[in-house]
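Structure, as structure tokens:
We name chains A, B, ... by the order of the sequence lines, and we start the count at 1 in each one.
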There are 2 protein chains.
Amino acid sequence: MLVRINTAPRMQIDGQLAALAGERMSCCEFRYRRGAEIFGEGEEPEYVYQIISGAVRTYKLLPDGRRQINAFHLAGDMFGFENETTHRFTAEAIVETNVHLMRRTSILEAVRHGGAGTKDLIKFVTQNLQHAESHMLLLGRKTSLERVTAFLIEMDERLQHPDVMILPMNRRDIADYLGLTLETVSRALSILRDEGLLRFDGNTQRRLELVDRGALAKIDA
Amino acid sequence: MLVRINTAPRMQIDGQLAALAGERMSCCEFRYRRGAEIFGEGEEPEYVYQIISGAVRTYKLLPDGRRQINAFHLAGDMFGFENETTHRFTAEAIVETNVHLMRRTSILEAVRHGGAGTKDLIKFVTQNLQHAESHMLLLGRKTSLERVTAFLIEMDERLQHPDVMILPMNRRDIADYLGLTLETVSRALSILRDEGLLRFDGNTQRRLELVDRGALAKIDA
DNA sequence: CGCTCCCTTGAAAATCCTCAACGAACGTGG
DNA sequence: CCACGTTCGTTGAGGATTTTCAAGGGAGCG
């Protein structure tokens, strides 16, 4: 499942990781195929990851298979840091994904010695917490239309307002992120399309164009 | 709203705060009346709090008044730390509450100088994140009965499995924590009572006894 | 004794989910 | 390059869960 494609460190987007490790990190590049598990809930954390290209979902499962996706991670994002001895969720590549990885112990070492990356680490965990807090508001109190709209706005911002937004995840992933079923997600998108707030680009449903960002923002509440 | 009751630091339960501030903290004790706001969303964070006695809810609001409670904080708990320049949610005393407070800047100072409390701070934020992640699973994917059961189990554990659990919060608070309405919470509690998994103690509905913790744990999924 | 807040319960309504069918896109292998 | 199976997305109908609306009773407090 795990294919090493290049052992030489690439320096273009590893600023955050480098800072965390106090510039003395061991850094490799790996590729995961579409659908491949990067680490599983309960496993011992060995690496911290930064996405070079692709997309990753992290999720928790209930015993009967119900799934809640905590977050989507896109190019440039870090994920997988654990303070504890086990991973609290599972991470999978949504599409073919290339990541930088570094040993978790290097980071812990850096923190123990008061490394320069300590503040960045706190900031990283705090940002995750901040995202989780607003997602709790969405999951606990927003309607299906508001949730889907909020998702579109979040993706639009993270992809820096592209003309055409290309979603790496399917409807089921979106549903499990928003606490809905895939049918409800599909219906909400159809409503937004029928009302002229977005357009599907071409004959594929993963490429969409936000026509009226102002109206979308108003729906998001 | 804010009444200073004692300016002398109390040392019994401030271990965590003390560690964070590298033992050189300025620490006061304050009392908040039932319902009093401790800080508001968007305000500039000045203090970090630790509860001596009482209970606190932290929540976010949507423009139309829908409320999502992120967490309940009980005696011994810390809350209110912010890495950013504004509070991300509002904190209110659920009942009359006594807190220790210390200046946020002392903690940031300690971290900047590689203080001994840095690791504790990361741990603190990580624990909050961990709670938020499992709460997202609850809000996104659990039924009303599972949510109420999970709430009871969480409170039972945090109160260290008392014979009679005394809840400081009302049904609306529980509902806003679980992403439900107060009626649904009430109905779920009635079901659990009718099935003999819990008992209401006396003629008040805030005191309840978990009769069959095993059965409750099974419902929680 | 009043009032207010809190909780429960019932009935009706709304939202969302489940089940089902269908068509399109994609990927694989010939 | 095409055929075929698989995955993916949409839409409809019916059903289940939760919410909304409403009423009533009990506890606490001035």
Side-chain angles (χ1 to χ4, degrees), chain A residues 33-35 57 62 64-68 92 94-96 138-149 151-152 166-195 198-208 219 221, chain B residues 33-35 57 62 64-68 94-96 138-149 151-152 166-194 198-208 219 221:
Chain A
R33 286 198 240 281
R34 177 165 167 276
R57 59 181 169 243
L62 287 174
D64 63 359
R66 281 174 285 174
R67 182 177 69 158
Q68 178 61 44
E92 285 175 359
I94 299 175
V95 293
E96 181 163 297
L138 179 147
L139 293 170
R141 287 296 174 224
K142 289 189 181 176
T143 67
S144 61
L145 195 64
E146 289 169 346
R147 294 184 201 202
V148 172
T149 305
F151 167 76
L152 293 173
I166 301 172
L167 297 176
M169 69 292 282
N170 62 26
R171 298 293 190 258
R172 173 169 294 281
D173 288 335
I174 299 173
D176 286 350
Y177 179 59
L178 299 178
L180 301 169
T181 60
L182 64 93
E183 292 96 332
T184 301
V185 171
S186 179
R187 279 184 243 273
L189 288 171
S190 297
I191 290 173
L192 295 174
R193 178 202 55 195
D194 293 347
E195 300 204 335
L198 64 83
R199 261 200 292 268
F200 290 115
D201 186 69
N203 39 18
T204 173
Q205 297 108 330
R206 298 275 186 96
R207 305 162 58 90
L208 40 88
I219 290 176
Chain B
R33 286 198 241 282
R34 178 166 166 275
R57 61 183 167 240
L62 288 173
D64 63 0
R66 282 174 285 174
R67 182 177 71 158
Q68 178 61 44
I94 297 175
V95 293
E96 180 164 297
L138 178 148
L139 293 171
R141 287 296 174 223
K142 289 189 181 176
T143 67
S144 62
L145 196 63
E146 289 169 345
R147 294 184 201 203
V148 171
T149 305
F151 167 76
L152 292 173
I166 301 173
L167 297 177
M169 70 290 284
N170 62 27
R171 299 294 190 256
R172 172 168 295 282
D173 288 334
I174 299 173
D176 286 350
Y177 179 59
L178 299 178
L180 301 169
T181 61
L182 64 94
E183 292 96 331
T184 301
V185 171
S186 178
R187 279 184 244 272
L189 288 171
S190 297
I191 289 172
L192 296 173
R193 179 203 55 196
D194 293 348
L198 64 84
R199 259 200 292 269
F200 290 115
D201 185 68
N203 39 16
T204 173
Q205 297 107 332
R206 298 274 185 96
R207 304 163 58 91
L208 39 88
I219 290 176

Identify whether any heavy atom of B:L180 sits under 4.0 Å from a base atom; if not, whether one sits that close to sugar-phosphate; answer base, sugar-phosphate or nothing.
sugar-phosphate

Whole angstroms only, please: what is the CG-C1' distance between B:L182 and D:dA23?
14 Å

Counting side-chain heavy atoms from C-beta on, which of D:dT7, D:dG9, C:dA25 comes nearest to A:Q205?
D:dG9

Rounded to the Å, how far apart are B:E96 CD and D:dC29 P?
12 Å

So what does B:R193 touch, heavy atoms closer than 4.0 Å: a base, only the sugar-phosphate, or nothing?
sugar-phosphate

Rounded interatomic separation in angstrom, taking CZ from B:R207 and P from D:dG26
20 Å

How many whole angstroms separate atom CG of A:N203 from atom C1' of C:dG23?
13 Å

Rounded off to whole Å, could you give me the CZ-to-C1' distance for the A:F200 and D:dC8 pair?
12 Å

Rounded distance (Å) that lies between atom P of D:dT10 and atom CZ of A:R206
10 Å

Residue-phosphate contact under 4.0 Å: B:T143 side-chain N/O, D:dT17 OP1/OP2:
no

To the nearest 0.5 Å, how far apart are CG in B:L180 and OG1 in B:T143?
9.0 Å

Residue whose closest nucleotide on DNA chain C lies nearer the 5' end, A:T184 versus B:N170
B:N170

B:T204 near the nucleic acid: base, sugar-phosphate alone, or nothing, with a heavy-atom cut-off under 4.0 Å?
nothing

Should C:dG2 form a Watson-Crick or G-U wobble pair with both distances under 3.5 Å, which nucleotide is its partner?
none

Closer than 4.0 angstrom, basic N to acidic O: yes or no for B:D194 and B:R187?
no

Taking OP1 and OP2 of D:dT18, is either one under 4.0 Å from a side-chain nitrogen or oxygen of B:S144?
yes

One should read off an interatomic distance between B:D173 CG and B:L167 CG, to the nearest 0.5 angstrom, of 10.5 Å

For A:R147 against A:L139, the heavy-atom pair lying closest together:
NH2-O, 3.1 Å

Check the distance between C:dA20's P and A:R187's CZ and give it to me in whole angstrom.
15 Å

Residue pair A:T181/B:R172 against DNA chain C: nearer the 5' end by closest nucleotide is B:R172

Do you know the tightest heavy-atom contact between A:S144 and A:A188?
O-CB, 4.4 Å

For a quick check of understanding: with a heavy-atom distance under 4.0 Å over all strands, which category does A:G179 fall into, base, sugar-phosphate or nothing?
sugar-phosphate

How many whole angstroms separate atom CD of B:E183 from atom P of C:dA13?
17 Å

Mind checking A:S186 for me? I need base, sugar-phosphate or nothing, with any heavy atom below 4.0 Å counting as a touch.
base

